[in-house]
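Some notes on the structure that comes next.
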Amino acid sequence: STPPLELTLVVAATARDMGIGANGGLPWTGLRKEMAYFARVTKRGDGNAVIMGRKTWDSIPPKFRPLRGRLNIVISRSFVPGLPKDPAGGPDASHVEASSLETALEYLRQRRKAAGTPGSGRVFVIGGAQIYAAALGLADARRVLLTRIMSDFSCDTFFPLALGSPTNAAAEAMADAPKWVQRSRAEHAAWIGEEVPEDVQTDNGTEYEFQMWERVD
Ligand code: FOL
């Protein structure tokens with residue numbers, strides 16, 4: 001049956017300052033095994049959806065767009081307000097356009113009444129900063145699959161939540177701030193449905209580590 005609509009944010013960010021982007025794209029090139037992890041995890045299971053902002057959509061190479069095997073939902077304030085329409089040819093033909101994260105989620109809630117259709121599986125929020133911030137403001141945001149990039153890159157866009165950094169302790173001490181905890185490698189593996197490597201990964205000379213964080217409240 002259809003799982004509850006909970007949001008999982010997927011992000012790769014620098015360990016030092018949670019940098020996620022530069023000049024309209026990713027700050028790094030050639031993290032091929034990391035990108036393969038992103039693709040596998042967001043595809044696994046049936047009928048998953050990926051929600052992204054318009055700038056992130058524009059940043060994906062056209063040959064990979066829409067992201068295959070997933071219902072792509074793109075958000076822009078310039079899109080027609082109200083409940084999104086399925087594109088001609090059905091919801092897997094290309095992508096669905098929504099004017100806000102809220103209307104995107106309303107659209108998915110409607111679709112999920114019919115099990116076995118695209119959009120009835122897991123829902124991933126894949127950026128960028130504005131869409132992550134909107135998602136983190138909702139109680140539906142339960143989990144962050146964070147790839148922590150150990151090397152430093154110059155960034156102009158940042159993930160709007162400090163996970164596992166000293167500044168987070170201060171944020172968490174504030175009243176009402178949601179608390180985020182890092183899950184074990186075994187819990188992470190069980191949720192994504194594949195083994196999670198224990199050691200630091202290296203692609204193209206860049207070191208990184210796969211983590212899963214969950215909101216506890
Ligand atoms: N999360 C993580 N962990 N890594 C990322 O690189 C990442 N990138 C975005 C959002 N969350 C992320 C946004 N940027 C593609 C390109 C850029 C992008 C997201 C996806 C993309 O082309 N994906 C293809 C794989 C292409 C390939 O195999 O090289 C896909 O099918 O998912």
Side-chain angles (χ1 to χ4, degrees), residues 7-15 17-76 92 94-95 101 104 118 121-136 141-151 153-161 163-164 182-183 185 188-189 191-197 200-214:
L7 302 177
T8 296
L9 283 62
V10 190
V11 63
T14 59
D17 59 4
M18 300 303 284
I20 61 170
N23 305 311
L26 296 172
W28 39 80
T29 52
L31 298 194
R32 297 188 55 182
K33 285 182 289 169
E34 206 292 315
M35 185 58 84
Y37 167 88
F38 167 89
R40 281 196 313 278
V41 167
T42 55
K43 278 185 211 170
R44 186 166 289 117
D46 285 320
N48 293 347
V50 287
I51 301 177
M52 72 195 90
R54 192 270 303 165
K55 292 177 191 172
T56 295
W57 171 263
D58 286 346
S59 79
I60 298 174
K63 64 173 175 174
F64 291 124
R65 227 168 54 196
L67 298 178
R68 266 200 306 275
R70 290 147 285 183
L71 173 64
N72 289 222
I73 302 183
V74 183
I75 296 172
S76 166
D92 23 23
S94 175
H95 65 281
L101 179 59
R122 288 175 167 177
V123 181
F124 295 98
V125 174
I126 66 164
Q130 294 183 60
I131 304 301
Y132 287 136
L136 287 168
R142 303 308 313 167
R143 188 176 298 99
V144 177
L145 295 175
L146 169 67
T147 301
R148 225 173 152 69
I149 312 277
M150 311 306 182
S151 318
F153 289 90
S154 158
C155 296
D156 58 23
T157 316
F158 300 86
F159 189 71
L161 174 68
L163 292 171
Q182 188 181 350
R183 294 305 189 194
R185 213 159 58 79
H188 181 177
W191 195 82
I192 65 173
E194 67 178 48
E195 284 307 304
V196 175
V200 168
Q201 304 296 293
T202 308
D203 262 4
N204 219 23
T206 299
E207 295 193 323
Y208 58 90
E209 186 188 347
F210 296 120
Q211 300 184 349
M212 181 170 80
W213 291 74
E214 277 183 339

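First listed ligand is number 1; within each ligand, the first listed atom is number 1.
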Nearest protein heavy atom to [atom], by residue and atom, and its distance?
atom                    : result
atom 7 (C) of ligand 1  : F38 CD1, 4.0 Å
atom 8 (N) of ligand 1  : L26 CD2, 4.0 Å
atom 9 (C) of ligand 1  : I126 O, 3.9 Å
atom 21 (C) of ligand 1 : L67 CD2, 3.7 Å

Contact atoms of ligand 1, heavy-atom distance to [X] under 4.0 Å:
X    : result
T147 : 3 (N)
A12  : 1 (N), 2 (C), 3 (N), 4 (N)
F64  : 22 (O), 26 (C), 27 (C), 29 (O)
V11  : 1 (N), 2 (C), 3 (N)

Notebook entry, point to check: Are any of the N or O atoms of V10 closer than 3.5 Å to those of ligand 1?
Noted result: yes

Margin query: For Y208, which part has a heavy atom under 4.0 Å from ligand 1: side chain, backbone, both, or neither?
Written below: neither

Next item on the list: Using a 4.0 Å heavy-atom threshold (strictly under), name the region of L145 that reaches ligand 1: side chain, backbone, both or neither.
Entry: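 Answer for L145: neither.
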
Checklist line | Proximity flag F124 to ligand 1, non-hydrogen atoms under 4.0 Å | finding: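 No heavy atom of F124 comes that close to ligand 1.
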
Checklist line | Backbone N/O of N23 and side chain of D156: donor-acceptor pair under 3.5 Å | finding: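 Here the side-chain-to-backbone pair exists.
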
Checklist line | Donor-acceptor pair, side chain of R70 and main chain of R68, under 3.5 angstrom | finding: yes

Nearest heavy-atom neighbours spanning [X] and [Y]:
X    : Y    : result
T56  : S59  : O-OG, 2.7 Å
S154 : P27  : O-CB, 4.1 Å
R148 : G164 : NH2-O, 3.6 Å
L145 : H188 : CD2-NE2, 3.9 Å
M52  : I126 : CB-CG1, 3.6 Å
L7   : A135 : CD1-CB, 4.3 Å

If hydrogens are left out, which of [options] has an atom nearest to [atom], that is, the closest non-hydrogen atom?
atom                    : options            : value
atom 25 (C) of ligand 1 : K63, M35, R40, R65 : M35
atom 30 (C) of ligand 1 : R70, R68, K43      : R70
atom 2 (C) of ligand 1  : E34, M52, R32, K55 : E34

Next item on the list: Please determine if R183 forms a cation-pi arrangement with W191, meaning its NZ or CZ atom is less than 6.0 Å from the six-membered ring centre and no more than 45° off the ring axis.
Entry: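 That pair does not qualify as a cation-pi contact.
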
Next item on the list: Just say parallel, tilted or perpendicular for the rings of W57 and H95, cut-offs at 30° and 60°.
Entry: tilted

